[in-house]
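Have a look at the structure below, then the notes.
The sequence lines fix the lettering, A, B, ..., with proteins before strands; numbering per chain opens at 1. Values reported hereafter were calculated over all heavy atoms of this structure, with side chains retained and with hydrogens, waters and symmetry mates removed.
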Amino acid sequence: MLESLGAGFASLATITGVLAMVLGLVWGTIGAALPGISGPQSMALMLPLTFAMDVGTALMLLAGVWVGANYGGSIPAILIRTPGTPSNAAAIMDGYALTKQGKAGKALGVSLVCGCIGGFISVVILIALVVPLGQVMLRFASPEIFALTIFGLTVIATVAGRSLIKGIAAALFGLLLTTVGLDQVAGSPRFTFGRPELLGGFELIAVLIGFFAIAEMLYQMARPKDDLQEIDRSVTTELPTLRELMGVAKATGIGSAVGVVVGIAGAGGAVSSFVAYGEAKRWSKTPEQFGKGSLEGVAAPETANNSDQGGALVPALALGIPSSASAAIILAALILQGVRPGPALMTDNSAVLYTFFAALLVTNILMLPVGMIILRACIKVVSVSPPLLITGVLVLSLIGTYSLNRNMTDVWVAVAFGFIGYGMKRFGFSPPAAVLGMVLGYIMEGELRRSMMMSLGSPEIFLTRPIATTILLLAALVLLRPLIAVVLRAARSTGSSSTSKELTK
Amino acid sequence: MRSAVEVNQSSTERHAPSDARHTHLVDLAAAVALVVVGGIVLVGALDLASGSTSDPLGPRGFPTLLALGLIGAGVGLGILSIVRLSRPDLSDVVEDDDDMGPVDRGRLLLGSLTIVGYVVILPALGFMIGTVAFIVVMILLQGRVGRGAFFLTSVGLPVAIYLVFSTGLGISLPEGVFDLATLWGG
């Protein structure tokens with residue numbers, strides 16, 4: 001493993017590699033600092049560029065974007081109480097309080113340093129886990145892999161917004177999109193409506209850009225104008241002193257642990273940052289300071305937000321099952337480069353995998369100087385007026401989509417899914433869940449059909465293989481949990497009304 | 001040095017509380033839509049080849065399962081919506097960041113038409129002219145910006161994108177009226 005990692009580091013040591021990582025960091029930081037643009041959107045907008053690169057450089061670029069976006073979103077959160085991404089919302093409570101006390105630079109410094117620490121630790125854990133997990137997975141056959149995709153789908157559905165049923169429906173819709181085009185086994189066309197452009201199915205990047213970027217811009221366009229906010233442009237990053245770092249060490253440790261675990265579970269950066277904040281407050285010697293400008297209150301959520309990266313990549317790289325939108329985009333980039341994610345990645349493309357690991361480690365270190373240098377630029381872009389931002393992102397999205405295959409069909413697909421994605425958001429369905437379903441769909445159908453071939457058409461194969469059965473039972477539990485909660489609530493409601501009737505007799 | 005700027009308030013600001021009944025009615029409509037979409041997919045799947053000995057599911061199997069799943073989700077959502085409409089005490093509608101409050105439908109419609117128009121004219125007019133026109137219309141549609149920012153974006157952004165894609169990455173962009181081969185009938 002160390003040898004492979006060394007080779008991965010060696011492959012970064014080119015001008016192209018360093019430029020890709022730095023460009024990714026800059027774009028990710030600035031992109032996430034822009035109101036209305038999140039980490040996945042920043043990554044989606046970069047995807048068309050990766051098409052023209054080799055897979056290693058593409059992953060270096062995306063690693064930089066991901067790491068940069070985790071920090072970039074904290075800049076507006078701390079300075080103007082507006083998180084650049086949902087994952088940075090928890091940093092507002094103490095970050096903005098510090099800004100009001102004239103300590104914005106310190107808050108940004110703690111966010112930067114602790115974020116880098118959290119991200120670095122999570123990647124180390126990722127490297128330690130993904131290879132053994134992948135080795136275990138190599139022993140899995142189609143029924144087990146299919147069961148895992150079902151489990152992945154249920155996890156997606158539960159974290160995609162407030163409605164489980166809508167989350168499932170969105171994920172099913174995403175799966176359905178993968179059935180358009182040539183059947184992967186029989187080679188016959190499905191749902192192409194006689195159009196040759198659809199024989200290859202929907203271009204994944206076009207759909208991603210539609211759902212993430214165009215839909216979001218339509219959403220922003222439809223919102224009424226907001227109040228003016230002032231921003232102090234003289235702010236510079238102040239790195240924490242050694243004493244201050246020791247003071248937030250416990251909070252940083254809590255954030256790292258929470259981030260990795262929640263990332264693996266697929267609950268996302270927003271959940272991990274709030275959970276970490278709560279736990280850090282509980283274990284702090286000065287919990288009364290939380291919410292009033294505690295450095296621990298910035299360190300914990302920002303560490304968790306960054307250490308979520310490594311956790312989220314464990315199931316994505318080891319199993320081919322994305323547990324977050326950003327992880328889905330990484331998988332999409334791999335698929336587009338002809339690299340199949342999952343256990344096969346360890347055996348067939350281990351060089352690519354270790355290059356990516358090395359890129360993640362290096363970008364988490366590079367984030368420190370890059371984050372300090374581009375703060376001024378970030379403050380300027382936070383000030384970009386929404387009409388310019390929305391227009392710029394739309395142009396970039398549409399032209400980026402065109403650049404994939406130089407045909408207008410992809411652009412029309414992106415526009416169509418932009419409208420669909422906006423409609424989904426308005427009705428409470430989650431476009432990211434549909435994207436995750438689409439990435440999963442390529443694996444799911446293939447494994448299901450292979451399982452049926454193995455069992456000569458009998459679905460009992462999923463009940464006669466203990467591992468597959470266990471995974472499916474877990475998935476069922478995840479799905480049934482909200483229903484059980486509703487039933488219990490109804491029972492309690494009926495019980496309390498009959499009790500109060502008895503008391504009034 | 002301070003400057004007054006305009007930014008989007010996003011996740012942390014609460015909008016006006018949603019009308020729970022309206023939400024459940026919207027959910028009911030969404031449930032019907034899910035059932036309809038599922039039904040259409042199910043009918044379409046019937047036209048596909050069924051399974052064989054070597055491939056029991058066949059091209060039809062997976063889409064059929066997904067269609068049934070969509071129909072099931074629609075029925076489930078419909079039942080929940082009806083229950084919540086008839087038993088408001090069981091409703092668990094909570095305000096969340098996706099409740100976007102009032103919608104500027106006019107701006108949204110015009111913006112959408114502008115996007116569609118851009119995609120239509122792009123091959124004909126080419127990247128430069130088409131994009132400048134699109135940017136100008138979109139900015140004017142959305143509100144006032146400073147003159148400097150307006151001109152910088154209208155001209156600077158297309159030039160920057162052209163340099164990155166065409167010159168930097170070697171990806172040709174639509175030339176439209178500048179496509180000399182087409183002009184000369186080549």
Side-chain angles (χ1 to χ4, degrees), chain A residues 35-36 49 52 80-83 86 89 92 162 165 168-169 172 175-176 179 183 185-186 188 190-191 218 220-226 228-234 382-383 385-388 390-392 394-395 399 403 406 408 411-412 415 425 427-428 445 448-449 452-453 457 489-490 493, chain B residues 1-12 26 30 34 41 44 48-49 51 54-59 62-63 66 69-70 73 76-77 80 89-90 94 96 98 100 102-104 107-108 111-112 115-116 118-119 123 131 134-135 138-139 142-143 145 149 153 157 161 165 169 171-173:
Chain A
L49 294 184
I80 57 171
R81 210 174 163 265
T82 302
I92 288 175
R162 56 180 167 85
I165 291 183
I168 292 171
L172 287 174
L175 289 171
L176 196 61
T179 62
D183 177 67
V185 174
S188 52
R190 289 191 300 190
F191 303 116
L218 288 170
Q220 297 290 334
M221 210 188 314
R223 291 163 62 107
K225 285 189 183 180
D226 296 293
L228 291 173
Q229 281 233 343
E230 290 195 4
I231 184 167
D232 183 359
R233 294 192 171 201
S234 67
V382 167
S383 318
S385 74
L388 298 179
I390 291 168
T391 306
L394 283 170
V395 171
I399 297 303
S403 71
R406 294 156 185 76
M408 295 303 295
V411 184
W412 282 113
V415 170
K425 264 178 96 84
F427 279 94
E445 183 179 8
L448 175 62
R449 284 168 83 165
M452 291 291 103
M453 289 175 201
R489 201 182 311 129
S493 166
Chain B
M1 189 171 89
R2 289 182 176 271
S3 64
V5 296
E6 189 177 31
V7 296
N8 277 325
Q9 299 276 357
S10 56
S11 319
T12 55
V26 167
L34 280 176
V41 173
L48 301 174
S54 57
D55 180 16
L57 267 188
F62 194 59
L66 293 178
L70 280 173
L77 184 61
L80 269 177
D89 57 306
L90 291 181
V94 291
D96 67 21
D98 287 334
M100 56 186 286
V103 173
D104 190 334
R107 187 159 61 169
L108 181 63
S112 304
I115 292 169
V116 170
Y118 176 50
V119 181
T131 304
F134 174 71
I135 291 173
M138 283 298 287
I139 291 176
Q142 294 178 76
V145 299
T153 309
L157 182 61
I161 291 177
F165 281 88
L169 295 172
I171 300 169
S172 58
L173 298 174

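Partners of A/T391 by side-chain hydrogen bond (donor to acceptor under 3.5 Å, both in side chains), not counting sequence neighbours, listed by chain and number: B/Q142. In this structure, the side-chain hydrogen bond (donor to acceptor under 3.5 Å, both in side chains) partners of A/D183, at least two apart in sequence or on a different chain, are A/R190, A/R449.
Rounded to the nearest 0.5 angstrom, B/T153 OG1 and A/L388 CG are separated by 4.0 Å. The CG atom of A/L394 sits 4.5 Å away from the CD1 atom of B/I115 when rounded to the nearest 0.5 Å. B/L34 CG to A/L172 CG: the interatomic distance, rounded to the nearest 0.5 Å, is 9.0 Å.
Between chain A and the options B/L66, B/V41, B/I135, the largest number of non-hydrogen pairs under 4.5 Å is found for B/L66. Comparing A/M453, A/M452, A/E445 by how many heavy-atom pairs each has under 4.5 Å with chain B, the most go to A/E445. Taking chain A as the reference chain and counting heavy-atom pairs below 4.5 Å, the highest number among B/P63, B/G51, B/G69 is found for B/P63. Top candidate by heavy-atom pairs under 4.5 Å with chain A, chosen from B/L77, B/V26, B/T131, B/L157, is B/L77. Chain B forms the most heavy-atom pairs under 4.5 Å with one residue out of A/V411, A/V415, A/I165, and that residue is A/I165. Each of B/P59, B/S172, B/A30 has some count of heavy-atom pairs under 4.5 Å with chain A, and the biggest count is that of B/P59.
The heavy-atom pair separating B/S112 from A/L218 by the smallest distance is OG-CD2, 3.8 Å. Considering all non-hydrogen atoms of both residues, B/Y118 and A/I399 come closest at OH-CD1, 3.4 Å. The two atoms that bring B/F165 and A/S403 nearest to each other are CE2-OG, 3.5 Å, heavy atoms only. Contact record, A/L448 with B/F62: CD2-CD1, 3.9 Å, taken as the closest heavy-atom pair. Residue B/M138 comes nearest to A/M221 through the heavy atom pair CE-CE, 3.7 Å, listed as atom of the first residue, atom of the second, then distance. Taking both residues in full, the closest heavy atoms of A/M408 and B/P123 are given as CG-CG, 3.7 Å, listed atom of the first, atom of the second, then distance.
If you measure heavy-atom distances from B/I161 to chain A, the contacts under 4.5 Å come from the side chain alone. Contact of B/L70 with chain A is made through backbone and side chain together, with heavy-atom distances under 4.5 Å. For A/A169, the parts sitting under 4.5 Å from any heavy atom of chain B are the backbone and the side chain alike.
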Next item on the list: Show your working on side-chain contact (heavy atoms from CB on, under 4.5 Å) between B/L57 and A/V185 and close with a plain yes or no.
Entry: CA-CA 10 Å; B/L57 267 188; A/V185 174; over 6 Å; no
